[in-house]
Amino acid sequence: SLIAGGLAQPRFMVFDNGGNLLVGDASAGAVYRYSYSDGALGERETLISGLAQPASVALFTDAGVDYLYVGEQTEVSRFV
């Protein structure tokens, strides 16, 4: 079943520790979050914008801090 529509060019996705779905949309230059609540994903919200064709997303926790890594066209960016 369809869970996330209206995306321009979605690439990789990952679920965070809260069950929220994070999706990199290359054409839109954004990473979106679909919040998870009561067994369902909510509406799309822009988590990060202004990126250069984000493709891959990954989560990493170090010393209790959660980081989001985003693979862009020519670089990898890290967000807290």
Side-chain angles (χ1 to χ4, degrees):
S1 63
L2 180 67
I3 60 166
L7 297 162
Q9 192 178 17
R11 299 323 241 171
F12 289 85
M13 60 187 173
V14 65
F15 286 94
D16 67 14
N17 292 336
N20 305 302
L21 177 63
L22 307 179
V23 179
D25 192 331
S27 291
V31 174
Y32 298 116
R33 175 174 45 204
Y34 294 84
S35 60
Y36 178 79
S37 179
D38 297 325
L41 292 173
E43 295 295 317
R44 176 178 76 195
E45 68 176 288
T46 303
L47 185 61
I48 306 165
S49 62
L51 301 171
Q53 298 182 352
S56 56
V57 292
L59 295 169
F60 180 73
T61 302
D62 182 36
V65 178
D66 295 326
Y67 296 99
L68 172 64
Y69 289 82
V70 180
E72 299 180 66
Q73 186 177 26
T74 60
E75 61 194 19
V76 175
S77 301
R78 181 177 80 171
F79 302 88
V80 177

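What you see is a predicted model; the values in this text were computed from it and never measured.
Among residues two or more places apart in sequence or in another chain, the side-chain hydrogen bond (donor to acceptor under 3.5 Å, both in side chains) test is passed with Thr74 by none. With sequence neighbours excluded, no residue satisfies side-chain hydrogen bond (donor to acceptor under 3.5 Å, both in side chains) with Thr46. Scored by the salt bridge (Lys or Arg N to Asp or Glu O under 4.0 Å) test, Arg11 finds no partners at all (sequence neighbours excluded). Looking at residues two or more places apart in sequence or on another chain, you find a side-chain hydrogen bond (donor to acceptor under 3.5 Å, both in side chains) between Glu45 and Arg33. Scored by the side-chain hydrogen bond (donor to acceptor under 3.5 Å, both in side chains) test, Ser77 finds Glu72 as partners (sequence neighbours excluded). In this structure Ala8 satisfies the side-chain contact (heavy atoms from CB on, under 4.5 Å) test together with Asp25, Ser27, sequence neighbours excluded. Legend: residues meeting side-chain contact (heavy atoms from CB on, under 4.5 Å) with Asp62, ordered by chain and number and at least two apart, are Phe60, Tyr67. Taking Ser56 as the reference, Phe12 meet the side-chain contact (heavy atoms from CB on, under 4.5 Å) condition, with sequence neighbours excluded. With sequence neighbours excluded, no residue satisfies salt bridge (Lys or Arg N to Asp or Glu O under 4.0 Å) with Glu43. Partners of Val76 under the side-chain contact (heavy atoms from CB on, under 4.5 Å) rule, at least two apart in sequence or in another chain, are Tyr69.
Here Leu51 sits in one hydrophobic cluster together with Val14, Leu22, Val31, Leu47, Ile48, Val57, Leu59, Leu68, Val70, Phe79; the rule is ILVMFWY side chains under 4.5 Å apart, joined directly or through other members. Grouped with Phe15 in one hydrophobic cluster are Ile3, Leu7, Met13, Leu21, Val23, Tyr32, Tyr34, Tyr36, Leu41, the linkage being side-chain heavy-atom contacts under 4.5 Å among Ile, Leu, Val, Met, Phe, Trp and Tyr residues.
Between the side chains of Asp66 and Thr61, at least one donor-acceptor pair of N or O atoms lies under 3.5 Å.
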